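A short worksheet on the structure shown next.
Heavy atoms only: backbone and side chains are in, while hydrogens, waters and symmetry mates are out. From a predicted model like this one, the values you see are computed outputs, not experimental measurements.
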Amino acid sequence: MYVIYVVCGREDDIIRHLRKTGYTAYAPKTVIIQRKNGIYYHIPQILFPSYVFIDVKKISPEAYYKIRGLNGVGYFLNRDDPLPEAEAAYIKELCKDGEIGISKGFLDNGRLVITEGFLKRHENRIVKYSRRQHRATVELTLYGKPHRIVCGVEIKKKHEEKALVDSLPAFCRSVDI
């Protein structure tokens with residue numbers, strides 16, 4: 001697997017063109033939660049902006065120049081060496097479902113514990129999180145260099161508080177007000 005640096009915002013066009021020419025290309029996406037005017041929206045976002053991953057064992061010189069000639073392609077991150085197998089495996093894992101959904105978790109003494117979703121497998125790589133923004137930052141590597149990606153996460157309190165009505169004595173709950 002090789003990594004290409006492309007013009008930001010053109011990732012989908014370049015992937016479409018590479019797939020037409022017979023290559024398997026990826027740009028992993030995630031869904032983040034964003035609030036606007038009090039309404040929460042689920043917005044898809046590219047995990048590695050300006051990077052496109054091509055799944056091939058070796059790039060021939062003809063293929064290299066053909067890909068470099070595409071409009072919007074900058075350069076190969078490392079033309080001579082493919083992405084290491086461990087890194088290529090988690091990039092394929094990121095792309096297998098189309099886009100990463102929103103993970104769910106809770107806070108336990110200031111530590112984020114993930115109960116389901118993509119972040120469950122990468123819980124030890126979480127660098128920071130924001131409960132208010134519903135985001136978690138994860139540090140992954142490409143060619144041995146750290147890259148930070150932002151994923152959506154719903155963070156709940158460990159023990160949900162009971163509703164006020166449930167905490168009232170039984171004789172108070174039956175009275176109509």
Side-chain angles (χ1 to χ4, degrees), residues 1 3-16 24-55 77 83-170 172-174 177:
M1 181 176 285
V3 185
I4 308 173
Y5 184 79
V6 300
V7 174
C8 191
R10 299 280 318 271
E11 295 93 346
D12 291 333
D13 297 335
I14 292 169
I15 288 171
R16 211 173 300 115
T24 305
Y26 308 107
K29 294 183 180 183
T30 186
V31 176
I32 61 169
I33 301 172
Q34 205 168 37
R35 190 177 105 177
K36 186 174 183 179
N37 297 328
I39 300 171
Y40 289 96
Y41 297 96
H42 294 256
I43 299 175
Q45 187 178 50
I46 293 180
L47 280 176
F48 298 97
S50 298
Y51 291 126
V52 171
F53 300 90
I54 301 176
D55 193 13
L77 280 186
L83 201 61
E85 286 299 320
E87 294 175 1
Y90 70 69
I91 295 297
K92 287 178 185 178
E93 178 189 343
L94 290 172
C95 300
K96 79 176 166 187
D97 295 330
E99 58 186 33
I100 299 170
I102 296 173
S103 299
K104 296 183 181 178
F106 62 89
L107 290 176
D108 184 25
N109 294 328
R111 188 176 149 268
L112 181 61
V113 178
I114 303 297
T115 56
E116 62 182 77
F118 164 75
L119 292 176
K120 185 170 177 75
R121 293 182 298 276
H122 299 283
E123 189 173 3
N124 59 340
R125 296 180 178 190
I126 295 175
V127 178
K128 64 181 180 177
Y129 62 88
S130 172
R131 184 170 179 209
R132 184 181 69 82
Q133 293 180 340
H134 302 279
R135 295 180 187 173
T137 303
V138 180
E139 192 169 273
L140 300 175
T141 58
L142 285 179
Y143 289 110
K145 296 179 184 174
H147 286 271
R148 291 187 175 189
I149 61 172
V150 178
C151 299
V153 63
E154 287 183 12
I155 303 172
K156 304 287 183 192
K157 293 180 184 174
K158 184 174 182 180
H159 302 289
E160 292 295 327
E161 285 114 25
K162 294 180 180 179
L164 180 61
V165 175
D166 293 340
S167 64
L168 293 174
C172 293
R173 281 187 252 152
S174 62
I177 299 175

Exercise. Output the distance between atom NE2 (H134) and atom CZ (R35), rounded to the nearest 0.5 Å.
Key: 8.5 Å
Practice problem: Applying side-chain contact (heavy atoms from CB on, under 4.5 Å), run through R148 and V127 and close with a yes or a no. | Solution: CA-CA 9 Å; R148 291 187 175 189; V127 178; 3.3 Å; yes
Practice problem: Quick one: list whatever passes salt bridge (charged side-chain N to carboxylate O under 4.0 Å, His left out) with R16, sequence neighbours left out. | Solution: D13
Quiz prompt | Residues which pass ring-ring contact (aromatic ring centres under 6.0 Å, His included) with H42, listed by chain and number, not counting sequence neighbours | solution = none
Exercise. Check the side chains of S103 and E154 for a donor-acceptor pair under 3.5 angstrom, ignoring hydrogens and angles.
Key: no
Self-check item: Sub-4.5 Å side-chain heavy-atom contact between T141 and E87
Solution: yes
Exercise. Apply the side-chain contact (heavy atoms from CB on, under 4.5 Å) test between V138 and each candidate in V150, L119, V153; give the one that qualifies.
Key: L119
Quiz item: Tell me, do V113 and L107 make a side-chain contact under 4.5 Å, heavy atoms counted?
Solution: no
Quiz item: Would you say L77 and I4 make side-chain contact, with heavy atoms under 4.5 Å?
Solution: no
Quiz item: How long is the gap from CD1 on I46 to CD on E11, to the nearest 0.5 Å?
Solution: 3.5 Å
Quiz item: Between atom OG1 of T30 and atom CZ of F48, what is the distance when rounded to the nearest 0.5 Å?
Solution: 11.0 Å
Practice problem: Write down the atom of V3, the atom of Y51, and the distance for their closest heavy-atom approach. | Solution: CG1-CD2, 3.8 Å
Self-check item: Check against side-chain contact (heavy atoms from CB on, under 4.5 Å), I102 and I33
Solution: CA-CA 8 Å; I102 296 173; I33 301 172; 3.3 Å; yes
Practice problem: First locate atom OG1 of T24, then atom CD1 of I15, and finally report the distance between them rounded to the nearest 0.5 Å. | Solution: 11.5 Å
Self-check item: Pairwise distance CD1(I114) to CD1(I126) - rounded to 0.5 angstrom
Solution: 4.5 Å
Quiz prompt | Step-by-step side-chain contact (heavy atoms from CB on, under 4.5 Å) determination, Y41 to K36 | solution = CA-CA 8 Å; Y41 297 96; K36 186 174 183 179; 3.8 Å; yes
Quiz item: After noting the C-alpha distance and the side-chain angles of D55 and Y26, does the key distance pass the side-chain contact (heavy atoms from CB on, under 4.5 Å) rule?
Solution: CA-CA 8 Å; D55 193 13; Y26 308 107; 3.6 Å; yes
Practice problem: Output yes when R125 and E139 qualify as a salt bridge under the 4.0 Å nitrogen-oxygen rule, no when they do not. | Solution: no
Quiz prompt | N124 CG: over 12 foreign heavy atoms closer than 6.0 Å | solution = yes
Quiz item: What closest approach, in Å, do S50 and V7 show between heavy atoms, and which atom pair accounts for it?
Solution: OG-C, 4.4 Å
Exercise. To the nearest 0.5 angstrom, please state how far the SG atom of C151 sits from the CZ atom of R135.
Key: 11.0 Å
